[in-house]
Trainee: 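The structure's right below; bear with me while I get my questions together.
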Amino acid sequence: MGYDFGRIEKHWQKYWAENKTFKVEIDHRKPKYYVLDMFPYPSGAGLHVGHPLGYIASDIYARYKRHRGFNVLHPMGFDAYGLPAEQYAIQTGTHPEITTEKNIRRYREQLDKIGFSFDWDREVRTSDPDYYKWTQWTFIQLFKSWYNKKTDKAEPIDVLVSRFETEGNAGIEAACDPVEPFTAEDWNSFSEKQQQEILLHYRLAYLSDTMVNWCPALGTVLANDEVKDGLSERGGYPVEKKLMKQWSLRITAYAQRLLDGLDKVDFSDSLKEIQRNWIGRSEGASLVFRLKTPPQPFRQLTEREPDTPQNLGETPKVLPLAGREDSGGLEKDTPRFYNTDAKTWNALKENVKELRRSPTEAEKLLWERLRNNKIGYHIRRQHIIDSFIVDFVCIRKMTVIEIDGKIHDFRKEDDKNRTQVLEENGFTVIRFKNEEVLEKIDNVVRRIKDYLDKKVLEETSPQPSVETPPHPSPKGREPDALRDSGETQVLPLGEDLGGVEKRTSRHTCNDSEGIEVFTTRPDTLFGATFMVLAPEHELVERIVTPDRKAKVTEYVDRAKNRSERERMTEVKKVSGEFTGAYAINPLTNTEIPVWVADYVLSGYGTGAIMAVPAHDSRDFAFARHFNLPIVQVVSRVGETPSDPSAWETSYDSKEGVMINSGFITGLSVKDAVRATIRKIEEMGIGYGTVNYRLRDAIFSRQRYWGEPFPIYYKDGMPYPLDENELPLKLPRVDKYLPTETGDPPLARAKNWVTSEGYPLEINTMPGFAGSSGYYLRYMDPHNNDAYFSKEANEYWRSVDLYLGGDEHAAGHLIYARFWNKFLFDLGLVCEDEPFLKLINQGKIQGRSSLVYRVQGTDRFVSYNLRKKYKTQALHVDIGLVDNDVLDVEGFKNWMPEFKNAEFILEEGKYICGYEIEKMSKSKHNVQNPDELIEKYGADTLRLYEMFLGPLEQDKPWDTNGIEGVFRFLKKVWRLYFNENDDLIVTGEKPGNDELKVLHKTIKKITGDIERFSFNTGVSAFMICANELTNLNCHKRGILEPLAVLLSPYTPHFAEELWKALGNPPSVSTVSFPDYDEKYLKEDTFEYPVSFNGKMRFKLSLPVDMPKEEIEKAAVEASEAQKWIEGKTIRKIIVVPKRIINVVVG
RNA sequence: GCCCGAGUGGUGGAAUUGGUAGACACGUUGGACUUAAAAUCCAAUGGGCAUUGCGCCCGUGCGGGUUCAAGUCCCGCCUCGGGUACCA
């Protein structure tokens, strides 16, 4: 009988299921390990060989970890909501639940056949009310939370409400939509509806009018990552932009944390890169260009006079914000940086340098946390003020931060004195104890930040309005401003360089002041020769001059109505209109025209740009097209600037030296960026800032098959259901289509109201809702009282190894990280990042077989003869092809149209061509795992999928090689059993050569599994089997450990061998063999001897031979003579146990 | 355009830190066993020149460089794959 995989696999799969071998519970005696596969969506087509690739790899690792004594959580479940089941429902009327159930059963059956060690008792399905109860619950928590930028975390909305009741919103720094300022009295006088409306601007789950990707064919909106090239990812239908009231999640609040978190996790560089691109952080500056004539007020706001500075329209020398800065009582005769006089400076500066060189532990620690604007304030250390050297100072906030070391205990009096002097100088002093800094650094940093934040409130005008930027724009009194002018009041030690001031633009336009733009290249400001607004920009209609109005309006209307698709296909076409208005370049004081063009996007930055045609390709094309001036401001080092009018493209200017740029001329680009930011801050027209490309996640879908929102409406405002009313179950509907009035399918549900009769939300949640936190539910899947218990979370923590395809890089992996961070803020989960290590398995591509039909005939010509004819290549089912040889009879019967096919053969065979492409039905190249399991067994399939190539690499599927691994298993079987299936394992003591083979293999296999190099592991097994066969080894001392070694890869096979050797089942938790270096020791090493780097012969020498003797042996070897003859030996390189290289010449 | 990643025999791939390029497997060829096939086993298999044993030359996408030594490091290209895009 031999190796009867069919019987063996069926037996052990049954055994594992009946004995719940892989069921896992919290066990504090063992270390935990969490291995997770990405949630599969059970499609109707079932699994093809590409799907299990990752599951096999993770299963090998999970089994290995069990052998290593870990308590392994290795669950599986289904992402059961999804469009295909719903589309099928629309077409056939079958409830998606039925389709989904059927597909899951099929998936489960297929998965079971491969022998995975999942704990199926923990299975979850997103469409199960017991599961989506917690999806809904999390949504309610998001709805009830806001993001406090000061604490940098989500906080309960109740806290915000009570702040509004007592202080209004002035002191709040939230990640939110633009909100008009209001006082506590205002708030208390608002109606409930007004209050709720304002709160929506703060909530992390909020309802708003949003520009969405609307797909009419699917009847729903799509997330950005569900749209590819203007078409829906599923189905490929056109997508258009539409303004709709939608639920969104304020993921943008987490942009920086999502970015920072990437440094802590072990993901591939490419995946981190995709996430970084998606978050799209860019550092730059926000600045305001004053308009030559003030814009018309909003029509809606006619009751309020625009806050027009009186000086507008006068000489452009006067700058709009220059007179109204947050100088807040700090005006002094001496600028702030003169914190001491020249004499004291000179006396103390060496001390300062010394102190900086040797900081105390606490100083060092705190400095690391404060430097480079890390807390949003520019902090200097060891700064001289009056006659003191203070530890840290924030000059902008006139705040001194001191660490009290032991020495201060004896000098309380001095400190008092010192504080007094500092206070006389206008500073306030905050003190921290040495131990505090060392032990609770986070707390100290937070308190410093809070203090500085608060101090702004006391000092700045408490009346910010929409017309005033919400951020204080510091005047350029910071000492940095002097660095370039060569004055020496500030320590020129280069300590505080770098770091762009971190503040967030509000994306609102300060109409009275001009046009706000975001730029990553403030250094090129002198080259800004015109401005461009997005067609959607609110200022367009207010600044357009009467003579241009008709043309501009027409352009704007056309641009707005064009679909995304059109807009994309016309990317290279330059279009735009002049508004007639002029802005003033704040540094050149020249008037520059303001245009409208659709190459500026309303959704990014402020929806307006300063155009620098010389150094930006889009601006360049635009300037050329409309004949606008181009001024070069950056020049490569050593190159003479040329006339831009002769250029064919814009000039790449990331590096170089500034020219034609006033005070920054001659600086490098990098320095010029910093100098310009300082300058505009000094002028009060702008500030350094950071922008993100990441948009809030649109969370509504106009579909049936998804989680209902636990939301009802009262007076048009959304309210969450009470948590004890969850889950809100998906109702029955008569059809899965929108209503006649265009409402989503849930509007068809009867009695879709609360018990009080309030209407419930009729949108449903998108696909990523249920998959964002599923890894948490696996920790405690049957908990009815909570998402998961604290105990379970504290034991299982986060996923140690996450395996899945990189198609989820931008979508799922960002949403899930956001979801987790939010729950972390709530104190529900104990880890900030959900996935510690992530591996993207490569895709398995299809290998299509092709036949060549002679054009216009029924004759098919074999691959190598095809060039003699005019042929047409056709895909043929890979099931009809074996080793590229076509089964011609099978082909004739395959499809009616080939019934009368004739063949032109080569050497009696019809050879097919092939092509590597996506595995798909239409290409007849889908390989179904069931057929392979039928033919070779699951263990062979597992081995072969791993043997194909590196896990992370894409690779073509080719069944040809599977015979090799099958032969390998049969060969191993022969080590244990003879032809009559009798066990032939003996108790004889293994010899050294056998032990060496075993231990070499253990070492290799262990290393390979730990490096996820499964393909080389399979090779190592094969080498081992070949060597043991050659040694004719049937000894228990070798074969018993080998069975354990094989267990992660071929679990059924290993269980069978383990049992045959007389051991009780199961092998799955038997300790993994360790290798012993003593068996690997060699007495001699066969040195490759090279001459001038070319290997010529080998020489066996003792490993402990001294170098000199090795050299001698190499040179004296008989084979060496012909290479040395007539030449001089210049040098001999000996690397012990590696190589000998003789240099002759 | 920009950002990643990859190019090694007929094929999948190996070479973990710069140290014998092509492990392991498929395929192919020849042979053994067999009435025959399957299965199994043995041998050869990067290219070229030589084959009387030797042997020698060339070879990791291309062109340079560093080094005693380069698939591996550096510079400049080419090709393919992926991501992303009027992102200021």
Side-chain angles (χ1 to χ4, degrees), chain A residues 2 229 268-278 280 282 284 517-521 524 532 534 567-568 570-574 597-601 603-612 615-619 621-622 649 691-694 806-807 809-810 842-843 845 847 883-884 914 944 947-950 952-965 967-968 970-971 974 979 1004 1007-1008 1011 1013 1015-1023 1025-1026 1029 1086-1098 1122 1130-1135 1137-1145:
Chain A
D229 304 322
S268 72
D269 288 342
S270 74
L271 193 126
K272 286 187 182 183
E273 207 50 41
I274 292 171
Q275 294 220 348
R276 287 198 185 103
N277 286 342
W278 196 256
S282 41
V517 300
F518 172 73
T519 175
T520 55
R521 294 295 304 277
T524 60
V532 187
R567 212 162 152 165
M568 279 179 149
E570 288 173 25
V571 158
K572 293 283 165 279
K573 227 165 119 187
V574 178
D598 64 3
Y599 82 90
V600 174
L601 306 175
Y604 186 75
T606 59
I609 61 157
M610 63 176 215
V612 184
H615 305 290
D616 179 284
S617 60
R618 298 149 304 174
D619 297 344
F622 195 82
T649 51
N691 219 326
Y692 299 93
R693 196 177 74 94
L694 186 73
D806 64 359
E807 65 271 23
K843 277 185 259 304
Q845 294 139 325
R847 186 182 188 275
N883 262 327
D884 289 340
Y914 72 89
Y944 186 55
F947 187 62
L948 271 179
E952 300 188 54
Q953 207 169 289
D954 286 357
K955 54 222 158 223
W957 177 262
D958 185 344
T959 320
N960 291 345
I962 200 166
E963 290 284 350
V965 291
R967 265 174 224 157
F968 156 74
K970 286 193 285 191
K971 202 168 196 171
R974 285 278 159 262
E979 282 80 7
K1004 177 79 176 142
D1008 282 350
R1011 284 182 301 117
S1013 178
N1015 55 327
T1016 53
V1018 179
S1019 297
F1021 277 128
M1022 288 174 169
I1023 293 166
N1026 290 345
T1029 304
E1086 199 175 34
Y1087 279 94
V1089 183
S1090 305
F1091 290 83
N1092 292 341
K1094 277 187 209 292
M1095 208 278 284
R1096 295 304 176 183
F1097 63 91
K1098 286 175 185 173
K1122 64 184 275 198
R1130 306 213 178 269
K1131 200 173 175 186
I1132 303 176
I1133 288 111
V1134 175
V1135 183
K1137 289 178 84 177
R1138 275 269 147 106
I1139 200 169
I1140 301 167
N1141 189 19
V1142 184
V1143 186
V1144 292

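Letters A, B, ... are given to chains in the order of the sequence lines, protein chains preceding strands, and every chain is numbered from 1. Keep in mind that the numbers below use all heavy atoms, side chains included, and drop hydrogens, waters and symmetry copies.
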Trainee: With sequence neighbours left out, what residues match A:E273 under salt bridge (charged side-chain N to carboxylate O under 4.0 Å, His left out)?
Mentor: A:R276
Trainee: Kindly write out the residues that satisfy side-chain contact (heavy atoms from CB on, under 4.5 Å) with A:Q275, not counting sequence neighbours, or none if the list is empty.
Mentor: A:L262, A:L271, A:L813, A:I814, A:R817
Trainee: Please name all residues satisfying side-chain contact (heavy atoms from CB on, under 4.5 Å) with A:R1138, sequence neighbours left out, ordered by chain then number.
Mentor: A:V1135
Trainee: Can you list everything that forms a side-chain hydrogen bond (donor to acceptor under 3.5 Å, both in side chains) with A:S268? Sequence neighbours excluded, please.
Mentor: A:S270
Trainee: Checking A:K955 now: which residues fulfil salt bridge (charged side-chain N to carboxylate O under 4.0 Å, His left out) with it, not counting sequence neighbours?
Mentor: none
Trainee: Stem list for RNA chain B, please, built from Watson-Crick and G-U wobble pairs under 3.5 Å and keeping only runs of at least 3.
Mentor: B:1-7 with B:78-84, B:10-12 with B:24-26, B:27-32 with B:40-45, B:46-49 with B:55-58, B:61-65 with B:73-77
Trainee: Output all residues satisfying salt bridge (charged side-chain N to carboxylate O under 4.0 Å, His left out) with A:R847, sequence neighbours left out; order by chain, then residue number.
Mentor: A:D884, A:D958
Trainee: Of the options B:C68, B:U20, B:C24, whose atoms approach the side-chain atoms of A:K1131 most closely?
Mentor: B:C68
Trainee: Is any side-chain N or O of A:R1096 closer than 4.0 Å to OP1 or OP2 of B:G55?
Mentor: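 So the side chain of A:R1096 is outside the cut-off, no N or O lying under 4.0 Å from OP1 or OP2 of B:G55.
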Trainee: Establish, from distance only, whether the side-chain atoms of A:K971 and A:N1026 form a donor-acceptor pair under 3.5 Å.
Mentor: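 Their side chains do contain a donor-acceptor pair, which is all the 3.5 Å distance test asks for.
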Trainee: Using the salt bridge (charged side-chain N to carboxylate O under 4.0 Å, His left out) criterion, which residues pair with A:D616? Sequence neighbours excluded.
Mentor: A:R618
Trainee: NA contact type, A:I274, heavy-atom cut-off 4.0 Å: base, sugar-phosphate, or nothing?
Mentor: sugar-phosphate
Trainee: Kindly write out the residues that satisfy side-chain contact (heavy atoms from CB on, under 4.5 Å) with A:A621, not counting sequence neighbours, or none if the list is empty.
Mentor: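 Checked A:A621 against side-chain contact (heavy atoms from CB on, under 4.5 Å); matches are A:V574.
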Trainee: Side chain of A:P1088 only, please: which of B:A39, B:A69, B:U20 is the nearest?
Mentor: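 Selected nucleotide (nearest to the side chain): B:U20.
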Trainee: If the sugar-phosphate is the primed atoms plus P, OP1 and OP2 and the base is the rest, what is the B/S/- string for nucleotides 2-15 of chain B, using protein heavy atoms under 4.0 Å?
Mentor: -SS-------BSS-
Trainee: N/O contacts under 3.5 Å, protein versus nucleotides 29-34 of chain B?
Mentor:
none

Trainee: Measuring to OP1 and OP2 of B:U84, would you say a side-chain N or O of A:R693 lies under 4.0 angstrom away?
Mentor: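 No, A:R693 has no side-chain N/O under 4.0 Å of OP1/OP2 on B:U84.
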Trainee: Kindly write out the residues that satisfy side-chain contact (heavy atoms from CB on, under 4.5 Å) with A:D954, not counting sequence neighbours, or none if the list is empty.
Mentor: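 Here the qualifying residues are A:K843, A:Q845.
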